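Note sheet for the following structure.
What you are looking at is a predicted structure, and each value in this text was computed from that prediction instead of being measured. Numbered from 1 within each chain, the chains take letters A, B, ... in sequence-line order. Values below: all heavy atoms of this structure, side chains included; hydrogens, waters and symmetry mates excluded.
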Amino acid sequence: MFNVKISLFSRAKTLENKIDVFHDKVIDAAMTFNKSMHVYLSEGRCEAFKKVNKQLKQIEHDADQLRREIESRLYSQNLIPDLRGNVLELVENLDKVINRFDEVSYQFYIERPEIPEIYHSRIIDLTGQVTECAENMSIASRSFFRDFTLVRDYSQKVYFLEHETDLTSGRLKEAIFDSDMPLANKLQLSTLVDEIEKIADLAEDCVDELLIFTIKRDI
Amino acid sequence: MEILFFVYLSSGLFLGWSLGANDAANIFGTAVGTRMIKFRTAAWIASVFVVLGAVCAGGGTTATIDALGSVNAVAGAFMVALSAALAVYWMVSSGILVSTSQAIVGAIIGWNIYSHKPTNTDVLSVIVGSWVFCPLLSAGIAMVLYWLVKLWLRHSKMHLLRRDSYIRGGLIFLTAFGAYALGANNIANVMGVFVESSPFAAFSTEWLSLSPEQILFLIGALSIGAGIFTYSNKTIKTVGKNLMSMTPVIALIAVFAQSLVLFLFASQGLKGLLEAYGLPSLPLVPVSSSQAMIGAILGIGLAKGGRGINWMVILKIAAGWIATPVIAASICFISLFFLENVFRQIVFQ
């Protein structure tokens, strides 16, 4: 009986750590994405940008591995049977955000868009908002496991930031289409702005579900 | 005589089986229903502790049952237990949660009426009073526990997975405690009417000593174990899913409140201790684990603001509480008539 109890606690502790590390990966991905955008805007597709992209790929790969481990441990060790469906969904949603960071950065790497300097500050703003949005989503999700009263607070921040990204991207696209750039460039930039903005949308969707899970978790 | 006694005892064993099938689900139904413990694990723990509770602490409530109506012929005891068992079985198979305590009390009253023996109204009022008090006490305990647990969870900021481990450990402990309390409290329902006509002699070895009453309780408890293994899975579906959507924490609180109430109504040691200090104590009465469970769930539901409770299921169960003693008494009265006049058996002395 004592052994059973000890093994149950140690299994829970191991998984607790994995979930924590997974949340760290979301923040890592967000920060690295932010860095990659700064590097691209200042130096274009240089070695440094390639390096940051590689870093982002590694984070995405590690997160995928962690997600699979979390999923298999939750089921094979029959942990939190009433909530594991929700936890799996949550982890998958967070993973989608990490994937998106990697994909968007890679899209810049592949397409090598030419971005006039007048738009740099707005793109930096947009990237900053998206990064902050994802960070707050990660904190909200982490709170779900320890202190669900905080989930609401951080979710509110995510909603606010998502709205801000909508406004920033709208203004940016308006400015792009008002410019004298060739239509092909306008369309390319507009699509990339949309791609960045969609990260915030994903974070919002994730938080929407998280709030429902929190209601279910409340005893 | 002994073989015939075992034939007569079969009705008690049937009642024990019904009790295992019906009441044990109250103890671990929620834990199994929420998939925190596997059915087989819960069934083993419950069976072992039901036996321990019945053998070690089953004497107190048996004295109360005996005081209500001392069934003094083994054929009469057979029919009393059979009537209660039939009433319980019929209602269990209809998917209604019933009380074995009420069935046996109803059947004893049926025997009292048939044999023109007076029913001890003082004891009856204590028993009926405890039936009313039991769910109320359970609801009160569950409400307090709910608030305390909620407060603790809010302030401890424990990780969801660690909380899950504690709850799982708690549910395993409470399955054992609840089964012990059930055995101690409800064995009187199963074997109480046979105590007077028991042919067993005391059994003693170097490390174990059993009185005739305890041997009877051991046999009864084994039949409860059989009920747990063979049929309680079906009743679990009613407790765990139909009544209210339960989280494992709620399950833990409900089972704890229910087990505590059953223990309070069965523990001779606690009663003695309270009386020694001049404190009010609870009578040792077999109460319904179903009532205690419903009370606990109701208490939690009220603490949560009354949302999420399926009142229709509760009404259905309440109807079963009234119908069970009436049905058991009627079956007993009619069957005693046939047993005495058709089969020529002595049903009372």
Side-chain angles (χ1 to χ4, degrees), chain A residues 1-23 69-71 73-91 139-154 210 212-219, chain B residues 30-41 44-45 48-49 142-143 145-173 175-176 240-241 244-254 297 300-301 303-305 307-308:
Chain A
M1 185 70 167
F2 188 68
N3 281 340
V4 168
K5 215 174 166 189
I6 290 293
S7 92
L8 198 67
F9 283 114
S10 71
R11 281 186 325 206
K13 184 80 198 148
T14 314
L15 193 56
E16 253 179 69
N17 289 339
K18 286 194 186 296
I19 291 172
D20 270 340
V21 174
F22 187 78
H23 282 100
E69 274 180 57
I70 292 166
E71 286 174 354
R73 271 174 191 264
L74 272 176
Y75 274 91
S76 65
Q77 295 169 2
N78 192 29
L79 296 166
I80 42 170
D82 58 323
L83 288 173
R84 68 180 164 211
N86 298 155
V87 172
L88 289 193
E89 216 167 309
L90 181 62
V91 168
I139 301 171
S141 169
R142 212 193 284 269
S143 307
F144 170 74
F145 291 93
R146 287 193 187 276
D147 181 8
F148 64 88
T149 51
L150 290 176
V151 174
R152 206 180 168 82
D153 298 341
Y154 286 104
L210 186 63
I212 294 167
F213 301 157
T214 309
I215 294 166
K216 278 178 79 181
R217 199 201 129 170
D218 189 0
I219 70 159
Chain B
T30 43
V32 173
T34 52
R35 289 173 291 165
M36 291 297 275
I37 310 179
K38 284 180 191 154
F39 172 74
R40 193 153 276 275
T41 313
W44 269 113
I45 296 170
V48 169
F49 280 88
M143 276 173 104
L145 281 174
Y146 175 82
W147 284 319
L148 287 176
V149 169
K150 195 166 181 169
L151 206 68
W152 176 64
L153 286 175
R154 191 151 286 177
H155 287 95
S156 68
K157 305 203 189 314
M158 191 185 288
H159 196 280
L160 192 62
L161 287 157
R162 190 166 308 179
R163 190 179 92 175
D164 179 73
S165 309
Y166 282 123
I167 292 167
R168 207 177 287 249
L171 283 170
I172 291 171
F173 168 76
T175 298
K241 299 213 170 116
M244 182 185 161
S245 49
M246 269 197 250
T247 63
V249 182
I250 297 292
L252 189 84
I253 296 167
I297 293 168
I300 296 165
K304 286 174 87 170
R307 58 197 145 92

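Remark: A/Arg146 engages A/Glu16, A/Asp20, B/His159 in a side-chain contact (heavy atoms from CB on, under 4.5 Å) (not counting sequence neighbours).
Rounding to the nearest 0.5 angstrom, the gap separating the CD1 atom in A/Ile80 from the CZ atom in B/Arg163 is 9.5 Å. Distance check: B/Arg162 CZ to A/Leu15 CG gives 12.0 Å after rounding to the nearest 0.5 Å. The distance from atom CG of A/Leu83 to atom CG of B/Leu160, rounded to the nearest 0.5 Å, is 5.5 Å.
At a 4.5 Å heavy-atom cutoff, the contact between B/Met36 and chain A is made by backbone and side-chain atoms alike. In this structure, no portion of A/Arg142 lies under 4.5 Å from any heavy atom of chain B.
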Checklist entry - When you look at B/Leu161 and A/Ile19, which way does the side chain to side chain contact (heavy atoms under 4.5 Å, CB included) test go after all the steps? => result CA-CA 10 Å; B/Leu161 287 157; A/Ile19 291 172; 3.6 Å; yes
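Taking every heavy atom of both residues into account, A/Asp147 and B/Lys157 meet most closely at OD2-NZ, 3.0 Å. The heavy-atom pair separating B/Arg168 from A/Leu79 by the smallest distance is NH2-CA, 3.7 Å.
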